[in-house]
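The structure appears below as structure tokens.
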Amino acid sequence: MYHNSFKRGGRRSSRTSSHSSHSSHGSHGSPHGGKSSSRQDSHFHGKPQSSSHGHGGHGRYAPRPHRGGAHFGRPQSRGKYIHPDTFINKTPVHVAMGEYKPKHLFADFGLNKTLEGNLTRIGFTTPTRIQDEAIHYILKQKDVIGLANTGSGKTAAFALPIIQKLHARKSGETALIMAPTRELAGQINDELTKFAHGLHVYSALCVGGMPIGKQMRELTRHPHVIIGTPGRLKDLVNRKALSLDSVSILVLDEFDRMLDMGFIKDIEFLIGKIPKNRQSLCFSATITPDIKKILEKILNEPVTVSVTSNVRSEHIAQDVIRAHSKEEKFAKLKEMLAHSAFEKVLIFGEMKRSVQKLADTLSKEGFKAEAIHGNKSQPQRDRALRAFRDGKVNILVATDVAARGLDIPNVSHVINFDQPNTREDYIHRIGRTGRAGKGGQAYTFIS
Ligand code: ADP
Ligand code: MG
């Protein structure tokens, strides 16, 4: 009746279960593209995601000693030289989410009972660190800078207080959530929908690449939460379809990335339309002096909650693979993918076109692969992502931007087919595996 962006429970439940399931692979006959013949003779000991110990990744792809100053086969277009050693971690530390001893239980936050019940149903038993440390400040209306890596549970950290605050709203106050990519915005919308089940808190997803007319219509219904990418939000404001006068909570998610992507002008434009008397929450994996300076203008006496540490990728086994030619690189990639341990693999490439080509070539070779990159339309990107999430394909080839912040459960391996440009990109890429404190394995091709 009211909003279609907040789907009713039934239809969402399948996605909910795929989020929490650890054994979603069992049901597909051959998720590995019918490559079983060569699996057994591979020396590859990639680690299946479901077991939490015994990381492999040695054997054939063990790195050879590097000579100082060796150069990669690809010109580094914007990043600095990254030493190959930083792509190696042979002694991953097991840091399960459950091992963090939170100071609070969800029940301690005084959340609405329906909201609490939803968390239990979804399987959120204890808060993650960022949730543990940020939620009570957010509930107390404080401005918060949350420094946390991907996979740390930021969405719930801001979504739960927003739902708590808005579910019984008397005035038309709203929350505005900005995220760097369409997919990330969509994911926030999905999570929020699950948390808000039965609470009549409605949201509108305002992202580029989707029909703007539908979004304009949704906005006329005055949703509680507006989630979007800065470009589209600005467009909607300019068309007078979106007014930010009623925004009382602003969330900037993955702020560092939004700046990287050149959204600062749009963000400033949007913030200029929001009343000063608001609560502002900003989440970022990194904080530089430049970012700090910008945040000083946006937030009001913020509390900083930092849960980043240098363990950010210590739980992910990492190794390099040396290949001297394109042919060798592709041959080695195929050998890896044919191995049964490579259950759900995210491959990163640098260019939109090469990413598509790699996915096409792998498909021709009998693998089940999809591609996700900026040249695809939003429905195409959604379809590819869903196919990967649901296990219809077990390989997703992606560019950095397209994959930013995606929460795909149980990715067993990340492969950097092309090297990342920066250390940050590297951390973000490999953070797609080892989500929610599980182990994971990352490989980076070097020449
Ligand atoms: P981030 O935004 O920091 O990258 P997300 O909010 O996407 O992280 O959370 C990562 C994953 O962890 C998601 O699948 C989410 O459902 C799960 N998760 C978050 N908080 C909890 C929790 N308290 N208990 C169990 N799982 C959680
Ligand atoms: Mg997130």
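Side chains are part of it too, since the values below use all heavy atoms of this structure and drop only hydrogens, waters and symmetry mates. We count ligands from 1, going down the list as the structure has it; atoms in each ligand are counted the same way.
Using cut-offs of 30° and 60° for the angle between ring planes, the Phe158 and Phe283 rings count as tilted. The aromatic rings of Phe195 and Phe124 lie perpendicular to each other, with more than 60° between the two planes, well past the 30° mark.
Residue contact check for ligand 1: Thr126 places a non-hydrogen atom closer than 4.0 Å to it. Using 4.0 Å as the threshold, Ser152 has a heavy atom nearer than that to some atom of ligand 1.
Using a 4.5 Å cut-off on side-chain heavy atoms (C-beta onward), Gln131 and Leu160 make no contact.
Residues Glu173 and Ser248 bring a donor and an acceptor atom of their side chains to less than 3.5 Å of each other. Counting only N and O atoms by type, the side chains of His200 and Tyr202 include a donor and acceptor under 3.5 Å apart. Checked by atom type, the side-chain pair Ser246/Thr174 shows a donor-acceptor distance below 3.5 Å.
With ligand atoms numbered from 1 in the order given, ligand 1 contributes 20 (N), 21 (C), 22 (C), 23 (N) to contacts under 4.0 Å with heavy atoms of Thr128. The distance from ligand 1 to the heavy atoms of Thr155 drops below 4.0 Å at these ligand atoms: 2 (O), 5 (P), 6 (O), 7 (O).
Looking at ligand 1, you won't find any N or O of Ala156 less than 3.5 Å from one of its N or O atoms. Considering backbone and side-chain atoms together, Gln187 places no N or O closer than 3.5 Å to any N or O of ligand 1.
Figure legend: cation-pi geometry between Lys234 and Phe269, with NZ or CZ positioned under 6.0 Å from the six-membered ring centre and within 45° of its axis.
Of all the heavy atoms of Glu191, the ones lying under 4.0 Å from any atom of ligand 1 belong exclusively to the side chain. At a 4.0 Å heavy-atom cut-off, ligand 1 touches Phe106 through the side chain alone. Heavy atoms of Ile130 found under 4.0 angstrom from ligand 1: none, in either backbone or side chain.
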